[in-house]
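Written below as structure tokens is the structure these notes are about.
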Amino acid sequence: MQSLAKCRAVQRACAPLVSRAGVAAPAAAGSRAHRRQFAAQAETAVVGKVSQVIGAVVDVQFESALPPILNALEVEGFEHRLVLEVAQHLGENMVRTIAMDGTDGLTRGQKVLDTGAPIKVPVGEQTLGRIIN
């Protein structure tokens, strides 16, 4: 009972902060704020280059900020969609990733884009009863 009261108190305290950020603002202003935030995120996409490939382990070098651990990265210009998951920060603007598919044909210098989110798996009626690895 006390934890529920604490939770509600925190929600009330954070409500003004959320509305100032444009998340819970009225419909007309909030939708514009969201579009602006998404456009800003798209413009600042983190781009890196493949530095080293050892089987399913791929090292990627970034010029700016490193993507967080467990983020999904996508290799551009590869024969099929290759997703990499950040497993470790190596330092010197390098991350070690694990490829979710074969890396045959992957070369040094290929562009890699940070998706800004972890790997996502669809859920719902269509996936019930199916095994997803």
Side-chain angles (χ1 to χ4, degrees):
M1 197 70 148
Q2 290 177 349
S3 62
L4 180 62
K6 286 181 183 178
C7 184
R8 287 188 179 155
V10 169
Q11 285 176 339
R12 274 187 248 117
C14 292
L17 298 174
V18 170
S19 63
R20 263 185 270 161
V23 176
S31 61
R32 263 197 308 268
H34 273 282
R35 273 188 253 142
R36 287 187 190 143
Q37 289 174 356
F38 292 137
Q41 289 172 358
E43 290 172 6
T44 60
V46 181
V47 179
K49 291 184 178 182
V50 174
S51 173
Q52 177 176 316
V53 181
I54 306 172
V57 177
V58 180
D59 291 349
V60 180
Q61 185 170 16
F62 290 90
E63 292 181 14
S64 59
L66 296 177
I69 293 178
L70 298 179
N71 257 24
L73 309 176
E74 278 192 46
V75 178
E76 276 190 351
F78 197 55
E79 44 201 55
H80 58 276
R81 182 173 182 238
L82 180 60
V83 177
L84 309 171
E85 182 180 53
V86 178
Q88 183 180 16
H89 290 162
L90 298 175
E92 298 181 15
N93 292 336
M94 294 271 279
V95 294
R96 179 151 290 160
T97 65
I98 299 170
M100 298 293 121
D101 205 352
T103 58
D104 294 340
L106 188 62
T107 59
R108 291 179 46 177
Q110 282 187 288
K111 273 189 175 181
V112 177
L113 292 176
D114 179 18
T115 62
I119 295 174
K120 296 179 182 176
V121 178
V123 293
E125 297 265 340
Q126 297 83 3
T127 59
L128 287 177
R130 297 182 185 269
I131 298 173
I132 299 175
N133 186 2

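The figures here come from the full heavy-atom set of this structure, side chains too, leaving out hydrogens, waters and symmetry mates.
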How far apart are the closest heavy atoms of [X] and [Y], and which atoms are they?
X    : Y    : answer
E79  : D104 : OE2-O, 3.9 Å
A99  : L82  : CB-CD1, 4.2 Å
V95  : P67  : CG1-CD, 4.3 Å
Q88  : I69  : CA-CD1, 4.5 Å
L106 : F78  : N-CE1, 3.4 Å
L66  : M94  : CD2-N, 3.8 Å

request  = Check whether any side-chain heavy atom of R81 lies under 4.5 Å from a side-chain heavy atom of E74, and answer yes or no.
outcome  = yes
query = Do the side chains of M100 and E85 get nearer than 4.5 Å, heavy atoms only?
reply = yes
request  = Applying side chain to side chain contact (heavy atoms under 4.5 Å, CB included) between L84 and each of D101, N71, D114, V60, report the one that passes.
outcome  = V60
query = Among V86, L113, V47, whose side chain to side chain contact (heavy atoms under 4.5 Å, CB included) with L73 holds?
reply = V86
query = Are any side-chain N or O atoms of T103 and backbone N or O atoms of A56, one a donor and one an acceptor, separated by less than 3.5 Å?
reply = no
key: Neighbour count >12 (heavy atoms, 6.0 Å) for atom CD, E76   = yes
Cluster link F62 to L70, ILVMFWY, side chain under 4.5 Å = yes
task = Is it possible for you to say whether V75 and V53 belong to one hydrophobic cluster, with membership spreading through side-chain heavy-atom contacts below 4.5 Å?
result = yes
key: Stepwise side-chain contact (heavy atoms from CB on, under 4.5 Å) test for V83 and I119   = CA-CA 8 Å; V83 177; I119 295 174; 4.1 Å; yes
Gap between atom CG of L90 and atom OG of S51 - 0.5 Å precision = 9.0 Å
inquiry  = Nearest 0.5 Å, please: how far is NZ in K49 from OG1 in T107?
reply    = 11.5 Å
